[in-house]
Amino acid sequence: MFTIRGGKPLRGITAVGGAKNAALPIMAAALAADSASVLHQVPDLSDVTTLSQVLMSLGMLVERRVDGTMRLEVINAQPCLADYELVRRMRASVCVLGPLLARRQRACVSLPGGCNIGHRPIDLHLKGLAALGAEITIERGYVFAQAGRLKGTDIYLGGPCGSTVTGTCNVMTAAALAQGVTVISAAACEPEVVNLGQYLNAMGAKIEGLGTPLLRIDGVDQLRGAEHTIIPDRIEAVTLIIAGAITRGRLRISGVCLEHLAGVLDVLRSIGVRIEAQGTTVAVSVPEALRPSDITALPYPGIPTDVQAQLTALLCLADGISVVTDKVFPDRFLHIPELCRMGARIRREGASGIISGVPKLSGSCVMASDLRASAALLLAGLAADGESVIRRIYHLDRGYERLERKLNMLGADISRVTDAPAHLPSSLQPSPEEMQQVNNDVCEPPPPKFLKLADVKSSTSYNILN
Ligand code: EPU
């Protein structure tokens, strides 16, 4: 868990790492190549470790260097099973389905199971692969897929909440090795999908239309390994910007790809965060009071759902009422009750959180439910008065590379400690006197249940009392 002593404005310079959501499908796509690939700027995250284990179980040699370079080479093309024990730890393991099917003609991949950010089916992945000619069955919690050579076709990947990011990755990778032309419409346009497409093209694929909803893929017979650089993590960039803003600090953040952040920078500026860009570095400060906003998370180029929780944390401290809606994952709101424990005033209403800004948050003990919720709680803890504890931070480690180290270098006061009662800050535990007081209060006789007749006559709530 983390213990955080909040209320310290962050100052200094920091840098953004490689994007988790680009690295994962790209690592999986290396399964489709005939020779070794070398990736640069692979972030050091627990999700990357988990996927490395999945890939090793599928006959791949994975070598990682501390500088973020990763070498991936298939040394045994026989295994086709991605086991539940690994897949259940990380949904993105499903990204091996398309490459395995295209390269090894069969795949057996566990269905990932439940998820704290809402229902996450993979029907669109399966629809796309079936359209390419795969025979797919689901048995005992596993997807069994097999095919001869896949055949190019027209595929529509739109779903009730927009397109699918990893579904587009799976189908695009499989189509790269199919016979003939595939046209994917309603493809996801996220920069991470584009980065994967660029890697596949470097391997010899012929993909046009990257970054648009219409992809044209001329299938090739073979993909060779390639050298490729992972794009900067736009979600980490926004999280760091909000860390500067919520603590009313002054930060410079380097390695930011501004082009990927247009929508969210626009929103942050409208809230009152000053963001000055110079090349790939942004300077963040907050010269005035934070203003409320009405934000909707949408597929790219909209505001990413992956920053919805962090923006919610920021808007808790804005001067007025904000509305944050998530149209990508309409149930991604488990951070709300935890933020409320810190003094936030938020009401969940369907796919929205309605936030009444408060002047300050107060340090509390809270529980992280998923990756981005953990980031939101950490941000709230940085801004809160007093000490906070965030439990289950293993969620955070899935997607942020030692975030507390980066933040501590900027003046934050965060400690990573074992989750044990002895490590709970004394400020968050009632003193013996307070315990005594609470016990005494509880022992006092309860107040009278009914008002006296005289009171009832003068009361307008008579019917309610009855
Ligand atoms: N959906 C379907 N059917 C499908 C697939 C998706 O209905 O077959 C729905 C989902 O339920 C959701 C929407 O479509 O409502 C979008 O889901 P998508 O498939 O795009 O999500 P994903 O590919 O599983 C990736 C990221 C997520 C990110 C989403 C949305 C990776 C590894 N994960 O997930 O990242 O929130 O796209 O942008 O790329 C995170 O990093 O914290 C994270 C959850």
Side-chain angles (χ1 to χ4, degrees), residues 19-31 45-58 60 79-102 104 106-130 134 136-146 157 159-174 188 190 192-193 196 235 299 304-306 309 326 328-334 368-374 392 394-399:
K20 164 182 88 80
N21 289 347
L24 298 176
I26 288 173
M27 287 167 63
L31 281 170
L45 309 169
S46 65
D47 269 9
V48 168
T49 305
T50 305
L51 185 62
S52 300
Q53 287 165 354
V54 174
L55 295 176
M56 289 189 286
S57 76
L58 290 167
M60 197 173 234
C80 290
L81 171 74
D83 191 61
Y84 177 64
E85 280 314 310
L86 288 170
V87 175
R88 75 185 172 88
R89 285 199 234 151
M90 190 194 60
R91 305 186 60 84
S93 311
V94 80
C95 289
V96 302
L97 188 54
L100 277 184
L101 187 64
R104 303 184 189 177
R106 61 202 171 93
C108 174
V109 178
S110 168
L111 282 166
C115 177
N116 280 343
I117 67 175
H119 182 45
R120 296 179 73 180
I122 59 162
D123 56 312
L124 298 169
H125 302 229
L126 303 186
K127 171 183 153 182
L129 297 174
I136 296 175
T137 53
I138 293 177
E139 284 170 46
R140 289 167 284 143
Y142 281 82
V143 177
F144 290 85
Q146 57 177 355
L157 278 186
C161 298
S163 188
T164 162
V165 173
T166 49
T168 304
C169 294
N170 255 330
V171 178
M172 177 167 76
T173 307
E190 271 67 7
E192 295 75 18
V193 178
L196 167 65
I235 309 303
T305 170
D306 293 342
D326 198 324
V328 180
F329 289 116
D331 286 319
R332 193 178 203 174
F333 287 109
L334 289 182
S369 55
D370 66 82
L371 167 56
R372 307 305 172 186
S374 334
R392 299 195 181 161
Y394 53 83
H395 288 295
L396 193 88
D397 294 334
R398 291 188 41 207

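- Remark: Arg372 engages Tyr400 in a side chain to side chain donor-acceptor pair (under 3.5 Å) (not counting sequence neighbours).
- A search for side chain to side chain contact (heavy atoms under 4.5 Å, CB included) contacts involving Ala92 returns Leu24, Met90, not counting sequence neighbours.
- Listed by chain and number, the residues in a salt bridge (Lys or Arg N to Asp or Glu O under 4.0 Å) with Arg398 are Asp47 (sequence neighbours excluded).
- Partners of Asp370 by side chain to side chain donor-acceptor pair (under 3.5 Å), not counting sequence neighbours: none found.
- Every residue two or more places apart in sequence or in another chain that forms a side chain to side chain contact (heavy atoms under 4.5 Å, CB included) with Cys80 is listed here: Arg104, Arg106.
- Annotation: salt bridge (Lys or Arg N to Asp or Glu O under 4.0 Å) contacts of Glu139 (sequence neighbours excluded): none.
- Inter-residue side-chain proximity for Ser57 and Asp83 is flagged as unmet; no heavy-atom pair is nearer than 4.5 Å.
- Scanning for salt bridge (Lys or Arg N to Asp or Glu O under 4.0 Å) contacts around Asp331 gives Arg348, with sequence neighbours left out.
- With sequence neighbours excluded, the residues forming a side chain to side chain contact (heavy atoms under 4.5 Å, CB included) with Leu126 are Leu97, Ile122, Ile136, Ile138, Val143, listed by chain and number.
- Once rounded to the nearest 0.5 Å, the distance linking CG of Leu51 with CG of Leu58 reads 9.0 Å.
- Atom CG in Leu86 sits 9.5 Å away from atom OG in Ser110 (nearest 0.5 Å).
- To the nearest 0.5 Å, atoms CG (Leu371) and CG (Asn116) are separated by 11.5 Å.
- Every residue two or more places apart in sequence or in another chain was checked for a side chain to side chain donor-acceptor pair (under 3.5 Å) with Glu190, and none qualifies.
- Residues meeting the side chain to side chain donor-acceptor pair (under 3.5 Å) test with Thr305, sequence neighbours left out: Asp326, Arg332.
- With respect to Asp306, the side chain to side chain contact (heavy atoms under 4.5 Å, CB included) criterion is satisfied by exactly one of Ile117, Val328, Asn21: Asn21.
- Checked against side chain to side chain contact (heavy atoms under 4.5 Å, CB included), Ala19 has the following partners two or more places apart in sequence or in another chain: Ala22, Ile230, Ile231, Asp233.
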